Amino acid sequence: MDIENLPIRKINSLFSNKELKPSELYSKIFDNAANSEASLHAHLTLFEEENLKKAKESDGRYDNGTSKSLLDGIPIAIKDNINIKNYATTCSSKMLSNYTSPYDATVIKKLKESEALFTGKTNLDEFAMGSSTENSAFGLTKNPWDTDFVPGGSSGGSAASVGARSSVAALGSDTGGSIRQPASFCGLVGFKPTYGTVSRYGLIAFASSLDQIGPITKTVDDSRIIYSAISGEDPRDATSIVNNQVDIPSDKTAKIGVIKELMEDGISDEARNEVNKVIEILKSSGYQVKEISIPIIKLAISIYYLIAPAECSANLARFDGVRYGLRVDGKTSYEMMENTRAEGFGKEVKRRILLGTYALSAGYYDEYYGKALQARKEMIDEFTKAFDEVDYLISPTTPTQAFKAGEKTSNPLEMYMSDLCTIPANLAGLPAISIPTGITNENLPLGVQVMSRALSDHSLLNFSEIIEKEIQFNQQPKGWV
């Protein structure tokens, strides 16, 4: 039995029936890591020894019938911008290469209460800024389907670890698609919840009005289980909201919209064909499907690359060599800060700080950042109108399949286009999920994205599971699993 390929509920059933021990699963997961990490570099650090001890404690709970939850004994990988007490949180940056977190993020606290296990910390684009995990200060991560290709970003390490089965599931963070895009590139499910339903306390901020923690998993139900465990209002996060879910239909009475602007220029034929395949399946099952136009989506990347860099320039101002992290001495305090930031931040982070600082500067604030906020409000209004007509919106997750390592590093604008389909959900604060649906001519996976109105996360997961069962995508990367 390939236990690492099983969904969480099935694993939990094996644990409960004493057919499998958590320590046995954990050992198998680390065998997979031993076989894949040298080639993929999904993890920055592995927690084998300490968590094998915790796995044996989980063995004892299942033996005496006192297991805590469905996640008790389940090995989960954690993106290295989420704090775990007494472990390094580097954000894949030289700036934080010597930083050890003194506290747990709220999502980590909740997973610990569920007695989940952690495989380790996964690689990412520095401070979550990128679409390929090539911006890490500690080396790129490779795609488990083909190591010539990137796994996506910024949560590429998390996606690669699940793809290679060196974790059962993983947490990532999604600012403009950084859960869904790597999930699509690696043939996995990636779920970005409604903004505010999962606490950001303990997540190293990139863009505070956009960031959201969520799961990368093998199945929709696995994402449901993890979301249920980590969601909820948190008084330590000012952006946290009460998770009062809205029920919308997921059966054949649901109305489905296909976003016109995300099926046009810039979308590959293969990505478009995956959406059409899902549409035909839904129609044949009795669902109503119609085209929906949201014209302002064409401005999504422009809006995002004013708002996100502006927020990042403010958030990263704290990294000055004074309080924590890297410090490079200088003759004056100003020179020390200048030297620290020059040494500690990578090229892409510097680019975004400069963009954001310019957009917020006197004389340009209203012209750039202010207008971007107005356009964002208009986008939210257009999505609200769309959801008066339909219950779910479907699009490609990514314009293309995964691209080769190094292919887009010299052209930042081309790299930014990788998030064309995913950014709108972040700007509007909507729940969105990527579901693997097919394989390209180059034997790389592609996914389809589904969005729904805010606080309809549970309904979105239910509807996505219907698509998942119809598609029955069960292919795996060769060589690791």
Side-chain angles (χ1 to χ4, degrees), residues 42-47 50-51 54 71 75-129 133 136-138 153-158 161 167 169-175 178-179 192-193 195-208 210-216 226-227 229-240 311-312 314-320 322-326 344-345 349:
H43 285 85
L44 293 175
T45 53
L46 289 163
F47 302 164
E50 54 267 52
N51 281 284
K54 291 180 181 178
L71 293 175
I76 298 174
I78 307 298
K79 186 175 180 179
D80 196 29
N81 61 347
I82 300 172
N83 284 319
I84 303 178
K85 186 176 181 179
N86 297 328
Y87 287 95
T89 301
T90 70
C91 292
S92 290
S93 176
K94 289 181 182 178
M95 185 64 79
L96 288 175
S97 58
N98 63 354
Y99 175 71
T100 299
S101 175
Y103 69 100
D104 282 328
T106 295
V107 292
I108 297 301
K109 181 176 179 289
K110 287 175 175 280
L111 289 177
K112 285 183 174 180
E113 289 169 353
S114 299
E115 298 292 355
L117 307 176
F118 305 129
T119 61
K121 290 293 205 71
T122 57
N123 198 18
L124 65 147
D125 287 297
E126 184 181 6
F127 285 103
M129 298 180 196
T133 317
S136 170
F138 308 121
S154 63
S155 306
S158 289
S161 76
S167 64
L171 288 188
S173 65
D174 193 310
T175 308
S178 291
I179 288 173
K192 185 203 84 69
Y195 179 78
T197 60
V198 176
S199 173
R200 295 187 306 107
Y201 178 77
L203 171 71
I204 307 298
F206 163 13
S208 300
L210 300 163
D211 298 338
Q212 188 63 86
I213 297 171
I216 296 175
I226 294 175
Y227 176 62
I230 65 175
S231 61
E233 188 179 15
D234 181 9
R236 293 172 294 184
D237 175 7
T239 63
S240 175
E311 294 186 9
C312 113
N315 281 324
L316 270 59
R318 73 192 72 180
F319 300 109
D320 54 11
V322 176
R323 287 160 283 195
Y324 45 76
L326 181 70
F345 290 137
V349 173

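Small disclaimer: the values here were computed from a predicted structure and weren't measured.
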With a 4.5 Å limit on heavy-atom distance, are the side chains of [X] and [Y] in contact?
X: Asn51; Y: Lys54; value: yes
X: Ile230; Y: Leu171; value: yes
X: Ile84; Y: Asp104; value: yes
X: Tyr99; Y: Ser97; value: no
X: Leu117; Y: Phe47; value: no

* **Non-neighbouring partners of Arg236 that pass side chain to side chain contact (heavy atoms under 4.5 Å, CB included), sequence neighbours left out** => Thr106, Lys109, Tyr201, Asp234
[X] side chain to [Y] side chain, donor-acceptor N/O pair below 3.5 angstrom:
X: Thr89; Y: Asn83; answer: yes
X: Glu311; Y: Ser208; answer: no
X: Asn123; Y: Thr133; answer: no

* **CA sep, side-chain torsions, deciding dist, call: Lys79, Ser158, side chain to side chain donor-acceptor pair (under 3.5 Å)** => CA-CA 6 Å; Lys79 186 175 180 179; Ser158 289; over 6 Å; no
Please round to the nearest 0.5 Å and tell me the distance separating atom [atom1] of [X] and atom [atom2] of [Y].
X: Asp211; Y: Thr239; atom1: CG; atom2: OG1; result: 9.0 Å
X: Gln212; Y: Leu203; atom1: CD; atom2: CG; result: 9.0 Å
X: Leu124; Y: Met129; atom1: CG; atom2: CE; result: 10.5 Å
X: Ser154; Y: Glu126; atom1: OG; atom2: CD; result: 11.5 Å
X: Phe345; Y: Lys94; atom1: CZ; atom2: NZ; result: 13.0 Å

Nearest non-hydrogen partners of [X] and [Y], listed with the distance:
X: Leu44; Y: Ser92; result: CD1-OG, 3.5 Å
X: Val107; Y: Ser199; result: CG1-O, 4.0 Å
X: Ile82; Y: Gly172; result: CD1-O, 4.4 Å
X: Pro215; Y: Ile179; result: O-CG2, 3.6 Å
X: Asp320; Y: Ala317; result: CB-O, 4.1 Å
X: Ala77; Y: Thr122; result: CB-CG2, 3.6 Å

* To do: Given side-chain contact (heavy atoms from CB on, under 4.5 Å), test Phe206 with Asn81 step by step and report yes or no.
  => CA-CA 10 Å; Phe206 163 13; Asn81 61 347; over 6 Å; no
* Applying ring-ring contact (aromatic ring centres under 6.0 Å, His included), name anything that partners Phe118, two or more places apart in sequence or on another chain. => none
Check whether [X] reaches the backbone of [Y] with its side chain - one donor and one acceptor, N or O, closer than 3.5 Å.
X: Ser155; Y: Ser178; value: yes
X: Ser114; Y: Ala116; value: no
X: Lys121; Y: Ala88; value: yes

* To do: Start with the C-alpha distance between Ser161 and Thr119, add both sets of side-chain angles, then the distance that settles side-chain contact (heavy atoms from CB on, under 4.5 Å), and finish with yes or no.
  => CA-CA 9 Å; Ser161 76; Thr119 61; 5.7 Å; no
* Is the ring centre of Phe127 less than 6.0 Å from the ring centre of Phe319? -> yes
* Would you find more than 12 non-hydrogen atoms of other residues, nucleotides or ligands less than 6.0 Å from Lys110 atom NZ? -> yes
